[in-house]
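Inspection log for the structure reproduced underneath, given as structure tokens.
Quick caveat: nothing in here was measured; it's all calculated off a predicted structure. Letters go in sequence order (proteins before strands), and every chain restarts at 1.
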2 protein chains.
Amino acid sequence: MSEKRLNQAIETLKESGVRITPQRHAVLEYLLNSMVHPTADEIYKALEGKFPNMSVATVYNNLKVLREVGLVRELTYGDSSSRFDCNTSDHYHTICNNCGKIVDFHYPPLNEVEALAEQVTGFDVSHHRLEVYGTCPDCQKVGTKKH
Amino acid sequence: MSEKRLNQAIETLKESGVRITPQRHAVLEYLLNSMVHPTADEIYKALEGKFPNMSVATVYNNLKVLREVGLVRELTYGDSSSRFDCNTSDHYHTICNNCGKIVDFHYPPLNEVEALAEQVTGFDVSHHRLEVYGTCPDCQKVGTKKH
DNA sequence: TATTTATTTATAATCTTTACAATTAGTTTA
DNA sequence: TAAACTAATTGTAAAGATTATAAATAAATA
């Protein structure tokens with residue numbers, strides 16, 4: 001039941017003067033319901049059935065718009081393509097070294113780190129990001145290496 | 001005087017059975033003396049004068065080898081290309097939203113975060129990474145936007 | 001020195017993302 | 001509602017980073 005979040009997000013878009021097209025709505029909805037931080041291509045493939053004529057460019061365009069409005073964050077990890085995250089609440093990510101799976105976990109925001117960085121470097125700090133890497137339970141069981 | 005670190009690194013390579021070619025030596029040396037976490041292309045351009053016939057592929061090959069041996073870390077940020085870091089001591093990065101500059105800063109390792117992530121997610125945690133984003137002093141002064 | 005193996009080089013190929021121009025669709029105004 | 005305006009979509013090309021491949025070269029070993 002993420003109906004409420006979807007409606008809130010649409011409200012945000014309207015307030016920003018952004019049109020709600022079917023494709024845009026679909027990308028937003030998919031991201032809100034997705035727990036796995038999909039790549040642009042994954043979103044494209046997922047919506048292909050519903051929008052057979054949709055271009056990959058549309059997915060990128062919409063992700064850019066959603067990012068600019070603040071509804072979506074772009075995450076870059078070691079792998080080749082960016083991942084997109086709709087969950088704007090404070091959380092960090094755990095990433096599997098083996099299969100690339102991403103799992104959220106909550107932890108009090110590291111404000112002291114930001115404060116110290118600001119002091120030491122003279123930066124005007126806006127935000128930070130933290131990722132914990134390791135082997136996920138599934139890959140621990142199987143014990144297989146990726147390549 | 002990072003002579004010592006260079007020699008240690010070369011020792012590590014020898015122990016791993018990796019040949020020390022002039023190009024490889026140069027890439028390693030450049031990374032050790034660089035404070036700015038260069039991209040592969042920056043390394044390539046920097047060594048062009050010394051090795052006019054060197055291929056970009058060689059830079060990538062060597063970075064891969066150095067990474068596999070544990071001498072180099074690959075860092076992926078929002079911008080398009082990876083950056084490479086030879087400093088294996090514990091430190092975090094501050095990154096300028098505007099110009100992309102990277103500045104190191106030291107902070108006690110966040111072991112508690114790793115421990116909690118391990119508990120909550122069941123991952124077998126290997127390491128973590130943290131970056132603080134903001135506007136660097138130079139860009140604060142100038143007040144110019146990148147695009 | 002001859003042989004084996006790793007590395008380099010040059011180039012092509014791949015993959016992700018952006019740019020662009022034409023078309024289409026949504027919104028506003030008359 | 002129709003006309004006019006603007007934003008978004010589409011299809012395709014282009015850019016940029018990285019990897020793959022095969023031939024040539026250099027290093028190590030016997």
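- When all heavy atoms are compared, the tightest approach of B/Glu42 to B/Tyr30 is O-OH, 4.4 Å.
- Projected onto DNA chain D by closest heavy-atom contact, B/Ile20 and B/Asp41 fall at different nucleotides, the more 5' of which corresponds to B/Asp41.
- With rounding to whole Å, A/Leu63 atom CG is found 14 Å from D/dA8 atom C1'.
- For A/Ser55 and D/dG11, a side-chain-to-base donor-acceptor distance below 3.5 Å is present, hydrogens and geometry of angles not being considered.
- One distance of note links CD1 of B/Ile102 with CG of B/Leu75; it measures 6.5 Å at 0.5 Å rounding.
- Among the atoms of the strands shown, only primed sugar atoms or phosphate atoms (P, OP1, OP2) are found under 4.0 Å from some heavy atom of B/Val18.
- Under 4.0 angstrom from either OP1 or OP2 of C/dA25 there lies no side-chain N or O belonging to A/Gln23.
- In this structure, OH of A/Tyr44 is placed 15 Å from P of C/dC15, rounded to the nearest angstrom.
- A residue-by-residue look at B/Pro22 and A/Thr21 shows that B/Pro22 has its nearest nucleotide of DNA chain C further toward the 5' end.
- Atom OH in B/Tyr60 sits roughly 16 Å away from atom P in C/dT8 (whole-Å rounding).
- With a cut-off of 3.5 Å on both Watson-Crick or G-U wobble distances, the partner of D/dA30 is given as C/dT1.
- Using a 4.0 Å cut-off, some side-chain N or O of B/Arg24 falls inside it from OP1 or OP2 of C/dT8.
- At distances below 3.5 Å, not a single donor-acceptor pair connects side-chain atoms of B/Glu118 with backbone N or O atoms of A/Gly134.
- On a pure distance criterion of 3.5 Å, a polar donor-acceptor pair joins the side chain of B/Arg19 and the base of C/dT5.
- Rounded to an integer number of Å, the gap from B/Asn53 CG to D/dA24 P is 16 Å.
- As a whole-Å value, the separation of B/Met54 CE from C/dT11 C1' is 17 Å.
- Across all strands shown, B/Ser82 has heavy atoms under 4.0 Å from sugar-phosphate atoms exclusively, and none from any base.
- In this structure, A/Glu48 atom CD and D/dG11 atom P are separated by 12 Å, rounded to whole Å.
- As rounded to whole Å, 12 Å separates atom C1' of D/dT9 from atom CZ of A/Phe51.
- Rounded to a whole Å, the CD1 atom of A/Ile43 is 14 Å from the C1' atom of C/dT17.
- The line from NE2 of A/His37 to CG of A/Asp104 is 3.5 Å long, rounded to the nearest 0.5 Å.
- Rounding to the nearest 0.5 Å gives a distance of 12.0 Å between OG1 of B/Thr94 and NE2 of A/His128.
- Among the heavy atoms of the strands lying under 4.0 Å from B/Asn61 is at least one base atom, whether or not backbone atoms are also near.
- Among the protein residues, A/Thr58 comes within range of the nucleic acid bases, having at least one heavy atom under 4.0 Å from a base atom.
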